Number of protein chains: 2
Amino acid sequence: MLKRSKQRDAILNFLTTRYDHPTVETVYLNIKEDFPNISLGTVYRNLNLLSKIGEIQKIASGVGPDRFDGNPKPHYHFFCKECGAVLDLKLEGLEHINVLAGQDFDGEIDGHITYFYGKCPECMRKRES
Amino acid sequence: MLKRSKQRDAILNFLTTRYDHPTVETVYLNIKEDFPNISLGTVYRNLNLLSKIGEIQKIASGVGPDRFDGNPKPHYHFFCKECGAVLDLKLEGLEHINVLAGQDFDGEIDGHITYFYGKCPECMRKRES
DNA sequence: CTGCATGCAAAAACTTTGCACCGCC
DNA sequence: GGCGGTGCAAAGTTTTTGCATGCAG
């Protein structure tokens with residue numbers, strides 16, 4: 001029932017070339033270069049669809065628009081408080097915190113969402129100058 | 001420069017009586033009982049102000065509207081995937097994960113935001129029946 | 001008085017959706 | 001040709017903001 005489309009292919013393909021976790025708007029503007037008639041609604045629909053079927057990840061920072069990650073494998077993210085950049089972190093899984101959280105809790109802990117924040121390497125460099 | 005207002009007092013006071021992390025809308029409707037003329041804008045302004053000065057916490061789940069917590073002390077939250085409830089967790093600080101995250105990262109890790117998700121005690125009970 | 005806070009409404013920011021049409025299987 | 005996907009635009013949701021007025025210090 002899932003039918004392929006050039007637009008969706010292009011969106012997925014674009015996302016795999018970017019490591020800066022672009023917003024919907026960024027995806028839209030870039031895909032538009034190849035598909036001048038594509039609509040924002042289509043980008044939203046496909047981005048949501050792709051994240052639902054697990055081919056990409058949606059990152060909701062809570063500030064500003066959602067961002068998307070072409071890497072579907074679980075990993076952690078870092079948000080720079082200075083420039084707003086979103087970076088991938090090299091970090092082993094933190095499943096053990098689920099256990100900690102469950103120790104004093106009567107419900108069921110299925111997982112967690114964590115993001116780290118601070119100053120990114122680039123902004124550190126700027127400050128030192 | 002920070003001038004007191006009855007509305008803000010009422011909002012802060014209301015929040016300290018609630019442990020279910022109400023949304024702006026909920027706060028608005030409740031405060032309205034005592035201040036029928038209060039506007040949603042005022043509630044937003046005060047909630048944002050209070051969280052900025054650290055008297056309350058803003059919880060951005062990424063889905064639906066933000067929620068607010070009258071307890072300013074750092075603690076972790078749990079989101080129930082079934083009923084949407086937001087609960088406080090009894091959980092010691094997880095500062096050690098900041099260290100882990102920083103081990104392979106050239107920037108500065110100042111902190112993290114984590115929330116856990118799963119099934120809350122109440123929804124567990126319902127399922128068992 | 002001075003200026004922050006409020007109420008009101010408009011607008012901004014972000015996202016979803018209804019509908020007619022298009023194109024793949 | 002049937003059905004999912006698209007483009008377009010309208011509408012939905014959540015939040016912010018400009019402005020005149022009100023009230024605390």
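In the text below, chain A, chain B and the rest are named by the order of the sequence lines, each starting its count at 1. Just so it is clear, the structure is predicted and the values come from calculations on it, not from any experiment.
Look at B:Lys81 and A:Asp110 and you find a salt bridge, because one of the NZ, NE, NH1 or NH2 atoms lies within 4.0 Å of a carboxylate O, short of that distance.
In terms of phosphate contacts, B:Gln7 brings no side-chain nitrogen or oxygen within less than 4.0 Å of OP1 or OP2 of D:dC23. Within the structure, every side-chain polar atom (N or O) of A:Ser5 is placed at least 4.0 Å from both OP1 and OP2 of C:dG23. At least one side-chain nitrogen or oxygen of B:Lys6 sits closer than 4.0 Å to the OP1 or OP2 atom of D:dA24.
Interface remark: the A:Lys3 side chain does form a donor-acceptor pair with the D:dC3 base, using a distance-only criterion of under 3.5 Å.
Between B:Tyr28 atom OH and C:dG7 atom P there is a gap of 9 Å when expressed in whole angstrom units. The CZ atom of B:Arg4 sits 18 Å away from the C1' atom of D:dG22 (whole-angstrom rounding). The separation between A:Met1 atom CE and D:dG5 atom P is 9 Å, rounded to whole Å.
Looking at heavy-atom distances under 4.0 Å, A:Glu25 makes no contact with the nucleic acid at all.
Here the side chain of A:His21 pairs a donor or acceptor atom with the backbone of A:Val86 at under 3.5 angstrom. Side-chain atoms of A:Gln57 come within 3.5 Å of backbone N or O of A:Asn71 as a donor-acceptor pair.
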Please set out all donor-acceptor pairs under 3.5 angstrom arising from side-chain atoms of residues 90-99 of chain A, sequence neighbours excluded.
| from | atom 1 | to | atom 2 | distance (Å) |
| --- | --- | --- | --- | --- |
| A:His96 | NE2 | B:His96 | NE2 | 3.0 |
| A:Asn98 | OD1 | A:His112 | ND1 | 2.8 |

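Among A:Phe116, A:Tyr117, A:Tyr115, the single residue meeting the ring-ring contact (aromatic ring centres under 6.0 Å, His included) criterion with A:Phe79 is A:Tyr115.
Near DNA chain C, meaning a heavy atom under 4.0 Å from it, residues 34-56 of chain B has B:Asn37, B:Ile38, B:Ser39, B:Thr42, B:Arg45, B:Asn46 in order of number.
B:Asn48 and B:Lys58 form a side-chain donor-acceptor contact under 3.5 Å, judged by distance and modelled atom types alone.
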